[in-house]
Amino acid sequence: MTITERAGGGLILGGLPCIDIAKTFDCGQCFRFDPIDPPDGYAAAVRGVFDGRLLTFLQEEGVTDSLTVYGCDAGYAERVLPVFLGLDFDYDAAAADIFANVDAALGYEDGTIRRSAEAGCGIRILRQDPWETLISFIISANNNIPRIKKIIRDLCAAYGEPIYTDADGIPGNNARGDANTAPAYSFPAPEALRAAGIGGLAALKTGFRAKYIYDAACRVCGGELDLEAAAGLPTHELLSALQSVKGVGPKVASCIALFAYGRTDAFPVDVWIKRVLAKYYPEHICGASFGCHAGIAQQWLFYRERYINGGEK
DNA sequence: AGCCAGGACAAGT
DNA sequence: ACTTGTCATGGC
């Protein structure tokens with residue numbers, strides 16, 4: 001990866017493996033990034049908060065091996081962004097392994113996974129903060145993505161810390177119509193959500209999930225769930241540890257394992273994936289049929305069914 | 001009015 | 001070990 005300063009601000013990251021920022025940040029794995037109007041010369045732009053920073057990513061039309069980032073210095077970009085963006089992962093090798101596994105399980109060459117991989121080309125599984133991912137996917141239960149985003153936004157505004165937001169100077173409003181000068185907030189610390197109490201969390205329209213969020217905060221604060229130490233566990237033990245939190249079942253735990261801990265063997269099964277499996281695959285096909293990187297396959301299948309075939313918001 | 005939304009849980013077979 | 005009703009809330 002090369003890092004060069006861009007005239008007029010920002011850093012240009014070059015020599016990257018294939019990445020599409022529009023797909024990566026709008027494929028359902030994260031909830032705090034949104035598309036904004038791209039400035040002249042760019043085809044895609046997303047802005048959101050990660051690690052207490054407001055980051056803006058730009059990408060030019062047809063370019064997949066470089067991007068421009070605002071909101072951090074070169075040292076941070078060098079040290080943190082390759083991990084956050086999942087650049088340290090060989091998607092070509094994963095695709096070959098996935099194809100071989102599903103073909104073997106089916107007994108014929110699977111066109112569905114190949115078309116999905118093509119549609120999802122450039123999607124990178126992010127490595128998000130485990131605590132934020134835990135709470136975000138607790139909120140996702142029996143919920144829809146626009147409302148999940150709104151609840152998380154309200155949660156951050158109520159219990160997070162305000163952060164510096166004028167780092168990119170890119171004019172225009174984002175997709176929600178919010179001015180880009182609107183204050184942004186860090187994700188609330190476990191202590192802040194524990195202090196909020198079930199009542200304070202329910203006031204944000206979290207509904208039946210309020211007690212689950214509170215339980216997660218208490219367990220993390222009390223040390224019963226150590227999210228950093230959990231990184232050292234094998235995937236099945238990681239899933240068990242996560243499911244010790246009330247409101248965290250197999251699907252939510254798998255999302256945390258995949259989207260925060262980079263466990264590409266985790267295969268979250270939601271209503272969309274159930275739909276895909278029923279629609280394109282015989283009865284005996286399951287997550288394990290896609291091999292040790294089934295989570296990547298899951299994201300490709302999800303993306304194509306929901307954003308290409310489904311065509312809804 | 002009724003159903004659905006990136007589910008999980010408790011109670012009932 | 002499986003199936004069913006329930007849980008808040010908002011959009012359609």
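Please read all numbers here as calculations on a predicted model, not as lab measurements. Numbers restart at 1 for each chain; the letters A, B, ... are given by sequence-line order, proteins then strands.
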*Asks:* Under the criterion of centre distance below 5.5 Å and interplanar angle below 30°, is F302(A) classified as stacked on the base of dG6(B)?
*Replies:* yes

*Asks:* Quick one: does any side-chain atom of T24(A) pair with a main-chain N or O of I21(A) as donor and acceptor, under 3.5 Å?
*Replies:* no

*Asks:* Is Q243(A) touching bases, backbone alone, or none of the nucleic acid, heavy atoms closer than 4.0 Å?
*Replies:* nothing

*Asks:* NA contact type, G247(A), heavy-atom cut-off 4.0 Å: base, sugar-phosphate, or nothing?
*Replies:* sugar-phosphate

*Asks:* Would you mind classifying the nucleic acid contact of V248(A) as base, sugar-phosphate or nothing, using non-hydrogen atoms under 4.0 angstrom?
*Replies:* sugar-phosphate

*Asks:* Checking all strands, does C27(A) fall into the base, sugar-phosphate, or nothing category for heavy-atom contacts under 4.0 angstrom?
*Replies:* base

*Asks:* Can you work out whether N142(A) or K246(A) has the more 5'-proximal nearest nucleotide on DNA chain B?
*Replies:* N142(A)

*Asks:* So, Y281(A) versus F290(A), ring centres under 6.0 angstrom or not?
*Replies:* yes

*Asks:* Are H293(A) and F89(A) close enough that their ring centers fall under 6.0 Å?
*Replies:* yes

*Asks:* In plain terms, say whether D20(A) and R124(A) are close enough for a salt bridge, that is, a side-chain N and a carboxylate O under 4.0 Å apart.
*Replies:* no

*Asks:* Step through it carefully: locate the ring centre of F57(A), locate the ring centre of Y70(A), and say whether they are under 6.0 Å apart.
*Replies:* no

*Asks:* Would you please indicate if the ring centroids of F25(A) and F50(A) are separated by under 6.0 Å?
*Replies:* no

*Asks:* Using a strict heavy-atom distance below 4.0 Å, which residues from residues 204-213 of chain A are in contact with DNA chain C?
*Replies:* K205(A), G207(A), F208(A), R209(A)

*Asks:* Specify the separation, in whole Å, of atom CZ of F31(A) and atom C1' of dA5(B).
*Replies:* 12 Å

*Asks:* Between dC2(C) and dG6(B), how far apart are the P atoms? Round to whole Å, please.
*Replies:* 27 Å

*Asks:* Could you state the CG-C1' distance from L277(A) to dG6(B), rounded to the nearest angstrom?
*Replies:* 14 Å

*Asks:* With a 4.0 Å cut-off on N to O distance, would you call R114(A) and D110(A) a salt bridge?
*Replies:* no

*Asks:* Which whole-number value in Å describes the distance from I151(A) CD1 to dA8(C) C1'?
*Replies:* 9 Å

*Asks:* Taking the same atom, C1', in dG10(C) and in dC9(B), what whole-Å distance lies between them?
*Replies:* 23 Å

*Asks:* If the C1' atom of dG11(C) is compared with that of dA8(B), how far apart are they to the nearest Å?
*Replies:* 23 Å

*Asks:* Could you state the atom-to-atom distance from OH of Y307(A) to C1' of dA5(B) in whole Å?
*Replies:* 13 Å

*Asks:* From the list dA5(B), dG7(B), dT9(C), which nucleotide is the closest neighbour of the side chain of R147(A)?
*Replies:* dT9(C)

